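What you see is a predicted model, and the numbers here were worked out from it, not measured in a lab. Note that ligands are numbered from 1 as they come in the structure, with each ligand's atoms numbered from 1 the same way.
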Amino acid sequence: MKIRFTEDLDHIEYAIRGLVPLAKKAAEKGREIIYLNIGDPLKYDFKTPKHIIEAAYIASMRDNRNYYGESQGIIELREAISEHEKRINNVDISPNDIIVTQGVSEGISFICRILLDRGDEALVPSPSYPLYINVPELYHARAVEYKVVEEEGWIPDIDDIRKNITDRTRFITIINPNNPTGSVYSEKVIRGIIDVAGEYGIPVVSDEIYNQIVFEGRFRSPASISKDVPVFVLNGFSKAYLMTGWRLGYVYIHDPSGENRDKAISLIMKMAMIRLSANTPAQYGAVAALRGPQDHIREINRKFRERSELMYKRLSEMPGISVVKPRGTFYIFPRISQEIFSGDDKKFVERLLLETGVFVVYGSGFGETGKGHFRAVTLPPEDIIRDAMDKIERFIRGI
Ligand SMILES: Cc1ncc(COP(=O)(O)O)c(C=O)c1O
């Protein structure tokens, strides 16, 4: 008997994990792999702060708070998020308007599900974090890419956003600080996007998962600026609190007119109820993350910055590579000149992996503007970065 499967997933691709089987094959043949593909600090020398682990451990083991939590998220955590958003971003948001999710990833699904009908369009930056391209397609809608200008430090092209708005556009996505480019947008850029959104009556979706990982410039949330445009904010605990595997994030709506809040929350809650709840012990850990000491954030930012600067320096000295200096996050997005490699970026990355063991992600996996680039994670300790950069440089000089 042959089962008939859906064809909906045939063209869905997640570039960041797509080449893992090839890396495994190379490792089996004895090649040492340097993983620069996944933005997970815990895969390197970063650890979840002890007080967060203890809070989750106490909740789950000693106090038996292992039950299904409220679908919206435990109230202690929603209150802690509300205080945190005020303190960090100057956003006033009620705990009732926050929904705890299983990572920003789930938040992206929730938002796409409640805003997109068949044939609708989501405006996303190009290059973009791949989920924003894939998830709309899962819901029979489509991501339309707006240009982000490399020559200006990977800054959104506001005119291109305007040009791409149609009567099917349902939201404009901002990823700031940005994965994959490492850029941090100025307040002027954020205001420009809000203005266009207001002009056309479209909400903004703001992915702020790297808002505490900034080396240069200042992060501003559109929710702290917008006076009329509704903003859906997505954030989480994976990056600044080193809790990637805990799968915890949140979404809220900043709705200045108050016209959309009830409907938005009730629709997101339908999605939240279908999956019962986020992990309860992890939520107790997250309360400790937000209310406990924040010292580790300065410390990890110091390391992230040093490593990012080292990789930037090495890449910018390589022939045929040009690269914009990241201002935050732990990614870098170099351009490969046609003179050194005329094939596509996927082939470049596959050859680099097979011939040197250095595993980066091909730029076209992040959308059209990503073509001819690759994304490297800047997280490893400096000796590993040096080794990886030596290998990339030898590879480039040899092709
Ligand atoms: C921009 C962006 N959004 C969302 C995510 C997913 O985060 P989470 O671990 O909260 O699901 C990532 C992970 O790398 C990301 O870079």
Worksheet item: Can the positive tip of R375 be found less than 6.0 Å from the middle of the six-membered ring of F366, inside 45° of the ring normal?
Response: no
Using distance only, find each side-chain donor-acceptor pair of residues 333-341 under 3.5 Å and give its atom names and separation, not counting sequence neighbours.
unit_1, atom_1, unit_2, atom_2, d
R335, NE, E150, OE1, 3.3
R335, NH2, E150, OE1, 2.8
S337, OG, E339, N, 3.2

Discussion item. If only side-chain N and O atoms count, and only distance matters, is there a donor-acceptor pair under 3.5 Å linking Y132 with D207?
Written reply: yes
Worksheet item: Rounded to the nearest 0.5 Å, what separation is found between the CD1 atom of I165 and the CD atom of E199?
Response: 7.5 Å
Practice prompt. Could you tell me which non-hydrogen atom of K346 sits nearest to which non-hydrogen atom of Y362, and how far apart they are?
Written response: CA-CB, 3.6 Å
Item to complete: With rounding to the nearest 0.5 Å, note down the distance linking CD1 in I194 to CG in D228.
Response: 8.5 Å
Item to complete: Could you please provide the protein residues found below 4.0 Å of ligand 1 on a heavy-atom basis, arranged by chain and number?
Response: G103, V104, S105, Y129, I175, N179, D207, I209, Y210, S238, K239, R247, Y331
